[in-house]
Amino acid sequence: TAQEQAEQHEQQQAERLKRLTELLTTLEDSLRAHPYDSMMVISAGNISYDLGKFDKAVEYYQRFLQRIDPSNSLVRVDYAYAMFQSGRRTDGINELKSIVAREPGNQSALYNLGVMYAQQEDVSQALYWFRLCQKANQQSDAGQRAALAIKQLETTT
């Protein structure tokens, strides 16, 4: 039944969260001995992000960007979104805009700017960034997600 499926899904989610939390604890223990191991730092950031522990994710991404690879745009996009989700909305948006200034075709940054503005209910800014994302490459996943977001925003306003 639908009820059983919902309960099974909930149980699977709880187990996944438990495994991720255990993995994060193990990584944090390992990071005490190797605080700048790039794979462990980025993994700890990503797992914190997945668990919704955005303040912790910001710390790990910041460590990675300051001490390991400041030019890594993928990590920088996650860092910006984690800042945004942890309440530092302006910092997150400004971080993404700085990526776009250096890499105007960075669809991940463009798309996330659209998402951030949509979450703030600034539809005109959200549409602006989603359109830039779509224009950068309509065939990519990000371009197609941007097209869907544009369609949704245009039908709700």
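All residue numbers refer to positions in the sequence shown, counting from 1. This structure is a prediction, so every number in the text was calculated from the model and none was measured. Atom set for the values below is all heavy atoms of this structure, side chains included, hydrogens, waters and symmetry mates excluded.
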Partners passing side chain to side chain donor-acceptor pair (under 3.5 Å) against [X] (at least two apart in sequence or in another chain):
{"X": "Asp122", "value": "Ser124"}
{"X": "Gln139", "value": "none"}
{"X": "Lys97", "value": "Tyr117"}

Might you point out which heavy atoms bring [X] and [Y] nearest each other, and give the distance in Å?
{"X": "Ala44", "Y": "Leu27", "value": "N-CD1, 3.8 Å"}
{"X": "Met116", "Y": "Ala80", "value": "CE-O, 3.6 Å"}
{"X": "Val77", "Y": "Asn106", "value": "CG2-OD1, 4.5 Å"}
{"X": "Ala118", "Y": "Ala126", "value": "N-CB, 3.6 Å"}
{"X": "Ala136", "Y": "Leu110", "value": "CB-CD1, 4.3 Å"}
{"X": "Ser86", "Y": "Val58", "value": "OG-CG2, 4.1 Å"}

Just checking [X]: does its [atom1] atom have more than 12 heavy atoms from other residues, nucleotides or ligands closer to it than 6.0 angstrom?
{"X": "Gln12", "atom1": "CD", "value": "yes"}
{"X": "Asn94", "atom1": "CG", "value": "yes"}
{"X": "Glu22", "atom1": "CD", "value": "yes"}

Is any side-chain heavy atom of [X] less than 4.5 Å from a side-chain heavy atom of [Y]?
{"X": "Arg102", "Y": "Ser98", "result": "yes"}
{"X": "Gln119", "Y": "Gln85", "result": "yes"}
{"X": "Val100", "Y": "Trp129", "result": "yes"}
{"X": "Leu96", "Y": "Ile93", "result": "no"}

Separation between [atom1] of [X] and [atom2] of [Y], rounded to the nearest 0.5 Å:
{"X": "Ile68", "Y": "Ile42", "atom1": "CD1", "atom2": "CD1", "value": "8.0 Å"}
{"X": "Asn112", "Y": "Ile99", "atom1": "CG", "atom2": "CD1", "value": "9.0 Å"}
{"X": "Gln134", "Y": "Arg131", "atom1": "CD", "atom2": "CZ", "value": "9.0 Å"}
{"X": "Leu127", "Y": "Gln152", "atom1": "CG", "atom2": "CD", "value": "11.5 Å"}
{"X": "Asp50", "Y": "Ser43", "atom1": "CG", "atom2": "OG", "value": "10.5 Å"}

Which residues pass the side-chain contact (heavy atoms from CB on, under 4.5 Å) test with [X], not counting sequence neighbours?
{"X": "Glu7", "answer": "Gln3"}
{"X": "Thr25", "answer": "Asp29"}
{"X": "Gln13", "answer": "His9, Arg16"}
{"X": "Glu15", "answer": "Gln11, Arg19"}

message = Quick one, Gln144 with Gln138, criterion side chain to side chain contact (heavy atoms under 4.5 Å, CB included). Give me CA distance, side-chain angles, the key distance, then yes/no.
response = CA-CA 6 Å; Gln144 291 175 7; Gln138 294 183 6; over 6 Å; no
Would you say Gln107's side chain and Asn137's backbone share a donor-acceptor pair under 3.5 angstrom?
-> yes
Residues passing the salt bridge (charged side-chain N to carboxylate O under 4.0 Å, His left out) test with Lys56, sequence neighbours excluded, are Glu28
Salt bridge (charged side-chain N to carboxylate O under 4.0 Å, His left out) filter on Asp91, not counting sequence neighbours, yields Arg88
For residues 63-77, the side chain to side chain donor-acceptor pair (under 3.5 Å) pairs (sequence neighbours left out) are Tyr36-Arg67, Asp69-Ser71, Ser73-Glu103, Arg76-Glu95
Verify same cluster id: [X], [Y] (apolar side-chain graph, 4.5 Å):
{"X": "Val123", "Y": "Leu113", "answer": "yes"}
{"X": "Val41", "Y": "Leu23", "answer": "yes"}
{"X": "Leu17", "Y": "Leu24", "answer": "yes"}

For residues 44-82, the ring-ring contact (aromatic ring centres under 6.0 Å, His included) pairs (sequence neighbours left out) are Tyr49-Phe54
For residues 92-113, the ring-ring contact (aromatic ring centres under 6.0 Å, His included) pairs (sequence neighbours left out) are Tyr111-Phe130
